[in-house]
Amino acid sequence: MKYKIGLVLGGGGAKGAYQAGVLKALKEYKLLKHVKMVSGTSIGALNSMKVLENDVDGAVEIWENVTKEIALSKSSFLTKIKTKSMFSREGFKKLASEKIDLEKASKSKVECYVVATPLTRKVKDAPTEFLVNGKSKEEILDYLLASSAIPVVFEPVVINGIKYVDGFGVSNVPVETLKNKGCNLIFVVPLRNESDAYIYSDDDTLIVDFVGNTNGKNMLDQTLDFDAKRCKERVEAGYKVACTLIEKLIKERVIGVHFYQKIIIKFREWFSKKKRENYYSLTKEELDNLNK
């Protein structure tokens with residue numbers, strides 16, 4: 001079977017630092033270069049831009065230097081009343097203009113979809129997924145702002161006359177987006193301690209789930225905790241989980257990387273007719289041992 005490899009980056013605000021650590025490991029093990037499609041919601045959409053740029057080091061740098069002032073810019077009282085939101089997006093826009101090459105992302109050969117939630121009943125078929133490739137910098141920025149517009153925290157974003165908010169209302173971990181587009185090996189990076197990505201695994205789809213145990217049990221845990229020190233710890237946690245899981249998959253002969261960097265998937269099947277499972281993650285015990 002030929003594998004089309006996808007990467008899913010879920011939403012979770014400040015917990016997105018964890019994804020930067022996973023991306024670092026995927027790059028070091030020569031796996032990230034084989035990813036053909038990416039889907040992202042909220043902060044996962046922002047991290048996906050660094051995948052399109054092929055700049056994982058830049059993603060880590062952003063997260064290790066983030067501040068609450070950047071992520072949660074203050075706004076005037078009148079602005080809060082007018083926008084019905086607590087914070088401004090000016091810090092986010094500044095970070096995007098200085099640290100993300102949206103033009104390069106647009107030209108990437110890796111196909112990327114950003115998920116956002118429409119606030120409308122008038123347009124029944126309002127789109128919820130936005131293809132980044134081939135779009136202008138202004139359009140991509142709108143997608144990123146819309147996908148991460150947490151209600152009340154940030155104001156909605158208007159795209160083609162329709163108001164949009166954070167993509168969690170559609171899919172906080174958009175695995176189905178990539179499965180529907182033909183990906184049959186999908187790396188998933190949720191930002192909660194629990195994951196239901198296993199429901200997408202079947203005889204034709206292999207799911208590798210980098211779920212950890214330091215990201216909280218619900219969507220709000222640590223979501224607005226943009227403290228540089230704690231974000232750096234999350235980067236390290238994601239890296240440790242990813243390295244451990246990848247080593248486990250290599251040891252179990254689920255995946256391998258050839259000496260000339262060609263990826264080999266489930267090569268144990270060459271030696272055995274035994275049916276292989278199609279969902280992989282670290283067990284609770286394995287995760288607990290990482291934190292000792």
Side-chain angles (χ1 to χ4, degrees), residues 5-26 31-32 35 37-51 56 59 63 112-117 128-129 147-148 150 166-180 183 185-202 205-225 230-231 233-246 248-249 277-284 286-288 290-291:
I5 303 174
L7 170 66
V8 178
L9 301 175
K15 293 179 286 187
Y18 178 90
Q19 292 174 342
V22 174
L23 294 178
K24 180 181 177 182
L26 287 172
L31 296 173
L32 191 60
V35 169
M37 281 189 177
V38 184
S39 64
T41 295
S42 197
I43 202 66
L46 175 65
N47 284 331
S48 71
M49 297 301 102
K50 303 309 287 184
V51 176
V56 171
W63 282 107
C112 179
Y113 295 87
V114 171
V115 176
T117 304
T128 59
E129 301 171 358
S147 184
S148 57
I150 303 171
D166 196 293
F168 76 83
V170 173
S171 178
N172 202 45
V173 188
V175 181
E176 190 171 9
T177 295
L178 297 192
K179 183 165 183 174
N180 288 342
C183 289
L185 167 58
I186 306 176
F187 298 129
V188 183
V189 195
L191 296 176
R192 290 175 57 181
N193 291 353
E194 300 170 349
S195 174
D196 63 357
Y198 64 89
I199 67 175
Y200 297 101
S201 64
D202 52 39
T205 308
L206 174 63
I207 301 292
V208 177
D209 193 343
F210 293 96
V211 61
N213 64 350
T214 61
N215 285 318
K217 293 185 178 181
N218 60 60
M219 189 192 72
L220 295 178
D221 283 348
Q222 308 170 41
T223 297
L224 301 181
D225 183 20
R230 284 188 285 275
C231 283
E233 291 172 352
R234 293 182 193 117
V235 172
E236 294 171 352
Y239 178 74
K240 189 182 296 185
V241 167
C243 287
T244 304
L245 179 53
I246 293 169
K248 178 181 179 180
L249 296 179
E277 62 179 290
N278 278 318
Y279 174 80
Y280 295 89
S281 65
L282 293 182
T283 65
K284 183 180 184 302
E286 289 169 327
L287 288 170
D288 289 341
L290 287 180
N291 296 326

Sorted by chain and number, sequence neighbours left out, side-chain contact (heavy atoms from CB on, under 4.5 Å) with Thr41 holds for Val115, Ser147, Asp166, Asn172, Pro174

(request) Test Leu185 against Val208 for side-chain contact (heavy atoms from CB on, under 4.5 Å), laying out the working first. (result) CA-CA 8 Å; Leu185 167 58; Val208 177; 4.1 Å; yes

Counting only N and O atoms by type, is there a donor-acceptor contact under 3.5 Å from the side chain of Asn193 to the main-chain atoms of Gly216? yes

Would you say the side chain of Cys112 lies within less than 4.5 Å of the side chain of Met49, judging by non-hydrogen atoms? yes

side-chain contact (heavy atoms from CB on, under 4.5 Å) between Ile43 and Trp63: does it pass, once the steps are laid out? CA-CA 11 Å; Ile43 202 66; Trp63 282 107; 3.5 Å; yes

When rounded to the nearest 0.5 Å, the distance separating OG of Ser281 from NZ of Lys248 is 6.5 Å

Output for pair (Leu7 CG, Leu32 CG), nearest 0.5 Å, gives 7.0 Å

Check your understanding: Should we count CD of Glu129 as having more than 12 external heavy atoms under 6.0 Å?
Key -> yes

Problem set entry | Val175/Ile199 under side-chain contact (heavy atoms from CB on, under 4.5 Å): CA gap, chis, key distance, verdict | CA-CA 10 Å; Val175 181; Ile199 67 175; over 6 Å; no

- Item | Test side-chain contact (heavy atoms from CB on, under 4.5 Å) applied to Thr177 and Val8, step by step | CA-CA 9 Å; Thr177 295; Val8 178; over 6 Å; no

Closest non-hydrogen atoms of Val35 and Val38, given as atom of the first, atom of the second and distance, are CG1-CG2, 4.0 Å

Note: Gly11 and Ser42 closest approach over all heavy atoms is CA-CB, 3.9 Å

In terms of heavy-atom contacts, Ile186 and Lys179 come closest through CD1-N, 4.0 Å

Exam field: side chain Asn47 to backbone Gly16, donor-acceptor pair closer than 3.5 Å:
yes

When every non-hydrogen atom of Leu287 is compared with those of Val241, the smallest separation belongs to CD2-CG2, 3.9 Å

Does Ser201 use its side chain to pair, donor to acceptor, with the backbone of Tyr198 at less than 3.5 Å?
yes

Output for pair (Lys240 NZ, Asn291 CG), nearest 0.5 Å, gives 6.5 Å

One should read off an interatomic distance between Leu282 CG and Asn213 CG, to the nearest 0.5 angstrom, of 9.0 Å

Worksheet item: Side chains of Lys15 and Thr223: closer than 4.5 Å at any heavy-atom pair?
Response: yes

Heavy-atom closest pair (Arg234 atom, Gln222 atom, distance to 0.1 Å) is NE-OE1, 3.2 Å

In this structure, OG of Ser195 is separated from OH of Tyr279 (nearest 0.5 Å) by 4.5 Å

(request) Report yes or no: does Lys24 contribute a side-chain atom to a donor-acceptor pair with the main-chain N or O of Gly238 at less than 3.5 Å? (result) no

Heavy-atom closest pair (Phe168 atom, Thr117 atom, distance to 0.1 Å) is N-OG1, 4.2 Å

Rounding to 0.5 Å, atoms CD (Gln19) and CZ (Phe210) come to a distance of 11.5 Å

